[in-house]
Amino acid sequence: MIRPELAARLRPWAETLSALAATGFGLWVFSLGGWLFWPLGAVIAVVAGLWALDARRRMRFNHAALGPGMVELDEGAIRYLSPNRLLGGEIPLRDLAEIRMLRLNGRRHWRMKSRDGQALLVPVDAAGAERLASAFASLPGLDLGRVAAALADDAPAFQTVWTRSARAALT
């Protein structure tokens, strides 16, 4: 019933629109009034609103897989399988010390550095790179809004997105 062009444009927004619909449902329940519906509607609206915010932030990680290689998340480790033998590798999340956004040859890359100084470059548009949002969200003290801002088209060419604190490094 929906034109294919419109459906293709709305597809990336599906989760965000679902969360906004759930927020609207929560507000409707809240408007019914009473001691039961006010708290229930407020809880539904707040949880769905947070879901919408998270879905919108994770949308920036979704890109057409035009970059070389593939990203995998397996047992707490980020693995980048590159067609170039020199660029691929794996870095455990517990050993991650720093995340930076770089622009190399016109293409944006995540540069992840481990505690022992090894670095892993992952193109933002590699296949499976959208999985990095959930991996990054598990890091202590990471601001997902800052990560999403680094993915903006007008963001600086080089910026540090996250650094493990000295206290977190001890654990």
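Atom set for the values below is all heavy atoms of this structure, side chains included, hydrogens, waters and symmetry mates excluded. All residue numbers refer to positions in the sequence shown, counting from 1.
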For [X] against [Y], the heavy-atom pair lying closest together:
X	Y	result
V71	A126	CG2-CB, 4.2 Å
A129	P123	CB-O, 4.0 Å
P83	G69	CD-N, 3.6 Å
W162	P140	NE1-O, 2.9 Å
L93	S138	CD1-OG, 3.9 Å
E90	A77	OE2-CB, 3.6 Å

Atom [atom1] in [X], atom [atom2] in [Y]: separation rounded to 0.5 Å?
X	Y	atom1	atom2	answer
T16	L20	OG1	CG	7.0 Å
R107	L121	CZ	CG	12.5 Å
L104	F158	CG	CZ	10.0 Å
Q159	R111	CD	CZ	13.5 Å
W110	L151	CH2	CG	4.0 Å
E98	S114	CD	OG	10.5 Å

Lys/Arg N to Asp/Glu carboxylate O, R131 vs E72, below 4.0 Å: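 Answer for the salt bridge query: no.
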Is there a side-chain contact (heavy atoms from CB on, under 4.5 Å) between M101 and V124 once you walk through the steps? CA-CA 9 Å; M101 174 64 75; V124 168; 3.8 Å; yes
Can you find a heavy atom in the side chain of [X] that is under 4.5 Å from one in the side chain of [Y]?
X	Y	answer
Q118	I91	no
L132	Y80	no
I99	L139	yes
L142	V147	yes

Does E75, at its CD atom, have more than 12 non-hydrogen atoms belonging to other residues, nucleotides or ligands within less than 6.0 Å?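 No, because the 6.0 Å sphere around CD of E75 holds 12 heavy atoms or fewer from other groups.
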Where does the angle between the aromatic ring planes of W38 and F30 fall among parallel (under 30°), tilted (30 to 60°) and perpendicular (over 60°)? tilted
Quick one: do [X] and [Y] end up in the same hydrophobic cluster if we chain Ile, Leu, Val, Met, Phe, Trp and Tyr together by side-chain heavy atoms under 4.5 Å apart?
X	Y	result
V43	L27	no
L53	V46	no
L73	L120	yes

With no hydrogens and no angle check, is any side-chain donor or acceptor of R108 less than 3.5 Å from a backbone partner on D125?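 No; zero donor-acceptor contacts below 3.5 Å.
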So does G49 get a backbone contact from the side chain of T23, meaning a donor-acceptor N/O pair under 3.5 Å?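 Looks like yes, one N/O pair under 3.5 Å.
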